[in-house]
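Protein chains get the first letters and strands the later ones, always in sequence-line order, with residue 1 at the start of each. Computed from a prediction, not measured in an experiment: that's the story for all the values here.
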Protein chains: 4
Amino acid sequence: MKVKRKAHPKRTPGRPRSAASRSAILKAAYQLLRERGVTGFTVEGVAARAGAGKATIYRWWHHKGTLAIEAFLVAVVPKLDAARTSSSAVADLRRQVHATASIYRGRVGVLLRELVALGQADPETSRRLRSDFVAPRREAAMVTLRRAQELGEIPAGADLDVLVDALWGPIFHRLLVSHTKIDRRFIDRLLDLVLAGAMQSPGRE
Amino acid sequence: MKVKRKAHPKRTPGRPRSAASRSAILKAAYQLLRERGVTGFTVEGVAARAGAGKATIYRWWHHKGTLAIEAFLVAVVPKLDAARTSSSAVADLRRQVHATASIYRGRVGVLLRELVALGQADPETSRRLRSDFVAPRREAAMVTLRRAQELGEIPAGADLDVLVDALWGPIFHRLLVSHTKIDRRFIDRLLDLVLAGAMQSPGRE
Amino acid sequence: MKVKRKAHPKRTPGRPRSAASRSAILKAAYQLLRERGVTGFTVEGVAARAGAGKATIYRWWHHKGTLAIEAFLVAVVPKLDAARTSSSAVADLRRQVHATASIYRGRVGVLLRELVALGQADPETSRRLRSDFVAPRREAAMVTLRRAQELGEIPAGADLDVLVDALWGPIFHRLLVSHTKIDRRFIDRLLDLVLAGAMQSPGRE
Amino acid sequence: MKVKRKAHPKRTPGRPRSAASRSAILKAAYQLLRERGVTGFTVEGVAARAGAGKATIYRWWHHKGTLAIEAFLVAVVPKLDAARTSSSAVADLRRQVHATASIYRGRVGVLLRELVALGQADPETSRRLRSDFVAPRREAAMVTLRRAQELGEIPAGADLDVLVDALWGPIFHRLLVSHTKIDRRFIDRLLDLVLAGAMQSPGRE
DNA sequence: ACTTAACCGAGACGGTACGTCTGGTCTTACA
DNA sequence: TGTAAGACCAGACGTACCGTCTCGGTTAAGT
């Protein structure tokens, strides 16, 4: 029941896609995004800087937004460090939220802000950003929270979805709406408030 | 020996600004915004629909965003009903948050989402939206929360700024990032969580 | 038989037209015309420089061209010296043509060129330029030519209209079409040619 | 050992210019020019009528005038019939001048008038009109005149440049300045006058 | 070695909106 | 009524990007 993988496993005819071109485009796109923001981010500019043709870009990325988001993800995601675990799941969670906040304070925050903005007009951009950037971090928090429940650090009846929203919503709010500092003190107070609320949840039912 | 400037010394020379033109432009802008969103919102389109010259628009609104935001505010703010008070400040707060959420669920939410996006690229737009739309609602909540403290419904030591952020952040997060429903059930759970957390605050110091 | 000039001889009601404003406008218009040419000649610019309102300009000059032409005429015509007469009418004519050519060589030529251009699109401008600038000079030449006929210097049967056209057409041609020098040598050759032709005209019938 | 570039080494990269677009633009431009004159001749109008983008027009024609002049030349020049020759060069010349005059009387005259006007503000327009429209006709006349000298119909010493100016200057003068009819009678009288003058030129020296 | 098919860079194309500018009109308060 | 100031409508200007298209030429896989 094995496929004969040797001769022609699943190979399309014609010249294969150029990896060099792809990475040059993504690199140029990320540079432009950092230097000039979403406003100054043009496909023409990316093509010129990457030494690529516009058609090549549009062949692989449907819209300007799709390119922007992928350039961002490719450049930023590998730098995000994985969550570490300790004996206290709640302590791990606090560490995770602080780590996220510290990322949003810097360059990435500025880019993220603009990409979220871009996503309001383009569902594809929005979806990608959500699935590849926001969701993994949210999922990591969920894992930690479930562990906290198992360890009895927070009640079993706590609504974890609302809990995560309550932690991350305010951070995005500062990033996107109030444009105020997302400093350690704010994060600590927020964690204190939300975790205290979570402790009040019913034990089981 | 005649007095030149009698009653109205503060009068600029020249033809005064036309109120009719101003309101026609704002009305046309709001219509376009509702019908076509920020993407289809063009200064040229507004001028054509309002029967105004483009120069007139640019004379009074420096950017596209400045016009969009003002059109939105002029049309939407008067419709927002004032907060009512009852014997329980916490009950008032719950009512306020539910009212805000119900507004964000509809047309206004869609517009608000796009205007926040527009504001990421234009500080002026962002500032106006914050000062004329977000801040008043936040301030109303703060007033209610202070009353709750006076009535002893929540501890005197609660950090009200963080509290308000914890309530509104998640709503904006759903509006802008996760694009999920802001339904009554979610708001209730959020209020339960956050208010429960607030109750744990220290009494005085 | 004298009109009682004191009380109200022929006086329209209301504030009379301001002579100061009129001359300030004409002066500013001429300056702008010289400095920036017809391209840079705008009614707004004239109003600003003259410290006048645009409405004032449009009240007295129907079009931009009407103003340009009058500004030109008021500034230039007084400087043109009248034709002098001598014992030889043909010598006078030669002097007149040379004088005209020398004027066209300079600044006035540049302006004249642009005003003729302006006149192609605006009949009013064209008419004014013709009646107040071209025609008087043509008429002076006709007078001289008639005197030449009376003195027997050119035949009585010469067609003076064609003669004048043959003298001035080539000058305008160089000014407007070929953009070549209208130097003394050219004028002399032209006069030689045309006057020689005129001498061949029939004596009477 | 294969040769890379065979026959056409001089090929610029990129999509070549579209001949269809070029001719559609020139055709639309000429139509607009005829229907509405230079005043109503706008790049936007040409683009709309030709189904072309404005950028495409500006890519190939730097100024409005450059486009107008080329549209005129492409449409008009092919229709001008070549000069025929007969046994008498002077008779040929008379025919040429009459032919030119008859062209200037009609639609072409109106366009020519406006294009000369346009050329006063734009040297490029002026140069093109001169080199591609005026000069060829002038050169044809020069050829005929030289033949007339060879045939002994006019003296060898005649200054042909001044002669051509004396014939065509008055025609342009009527077209551009006096706006009077360029009828057969006028042309005949002009030819009589100028040719008579030319006959008086010195024989050789 | 030859064909085929998809790739690639360059850059022209139609379209749309931008923000600016000017022409000519209108509306104030004052003279 | 005339005037300065300046707002108003209308609409063309020339620029910038978008996303598509059309060239000449390249690069494997399959023949």
Tell me which residues in residues 34-51 of chain B put a heavy atom below 4.0 Å from DNA chain E, sorted by number, or none.
Thr42(B), Val43(B), Glu44(B)
Is the shortest side-chain N/O distance from Trp60(B) to OP1 or OP2 of dC8(F) below 4.0 Å?
yes
Does OP1 or OP2 of dG9(E) have a side-chain N or O of Thr56(A) closer than 4.0 Å?
yes
Determine yes or no for a side-chain-to-main-chain donor-acceptor pair under 3.5 angstrom, with Ser131(A) supplying the side chain and Arg127(A) the backbone.
yes
Does Arg49(B) pair with Glu35(B) as a salt bridge, N-O distance under 4.0 Å?
yes
Starting the side chain at C-beta, find the nucleotide from dG19(F), dG23(E), dC13(E) nearest to Tyr58(C).
dG23(E)
Of all heavy-atom pairs between Val46(D) and Ile57(D), which one has the smallest distance, and what is that distance?
CG1-CD1, 3.9 Å
note: Leu67(D), atom CG; dG14(F), atom P; distance rounded to Å ~ 11 Å
Nearest-Å distance, CD1 (Ile57(D)) to C1' (dA16(F))?
16 Å
Does dC8(E) have its OP1 or OP2 closer than 4.0 Å to a side-chain nitrogen or oxygen of Arg59(A)?
yes
In whole angstroms, the gap separating C1' of dA17(E) from NZ of Lys64(B) amounts to 8 Å
Min side-chain heavy-atom separation Ile25(A)-Leu67(A) under 4.5 Å:
yes
By nearest-heavy-atom nucleotide on DNA chain F, the more 5' of Gly14(D) and Ala55(D) is Ala55(D)
Here the distance between atom P of dC18(E) and atom CH2 of Trp61(B), to the nearest Å, is 15 Å
From CG of Leu118(B) over to C1' of dA17(E), roughly how many Å is that when rounded to an integer?
15 Å
Can you find a donor-acceptor pair, distance only, under 3.5 Å between Arg15(D) side chain and dC13(E) base?
no
Judged by nearest nucleotide, the residue sitting upstream toward the 5' end of DNA chain F, Pro13(D) or Pro16(B), is Pro16(B)
If we ignore hydrogens and angles and just use 3.5 Å, is the side chain of Glu124(C) paired with the main-chain N or O of His63(C) as donor and acceptor?
no
Glu70(D): which residues meet the salt bridge (Lys or Arg N to Asp or Glu O under 4.0 Å) condition with it, sequence neighbours left out?
Arg22(D), Arg128(D)
Out of dG14(F), dC13(E), dC21(F), which has the shortest distance to the side chain of Lys54(D)?
dG14(F)
Heavy-atom check, side chain of Arg36(C) versus side chain of Phe41(C), under 4.5 Å:
no
Nearest heavy atom decides the nucleotide; on that basis, is His63(B) or Ser21(D) closer to the 5' end of DNA chain E?
Ser21(D)
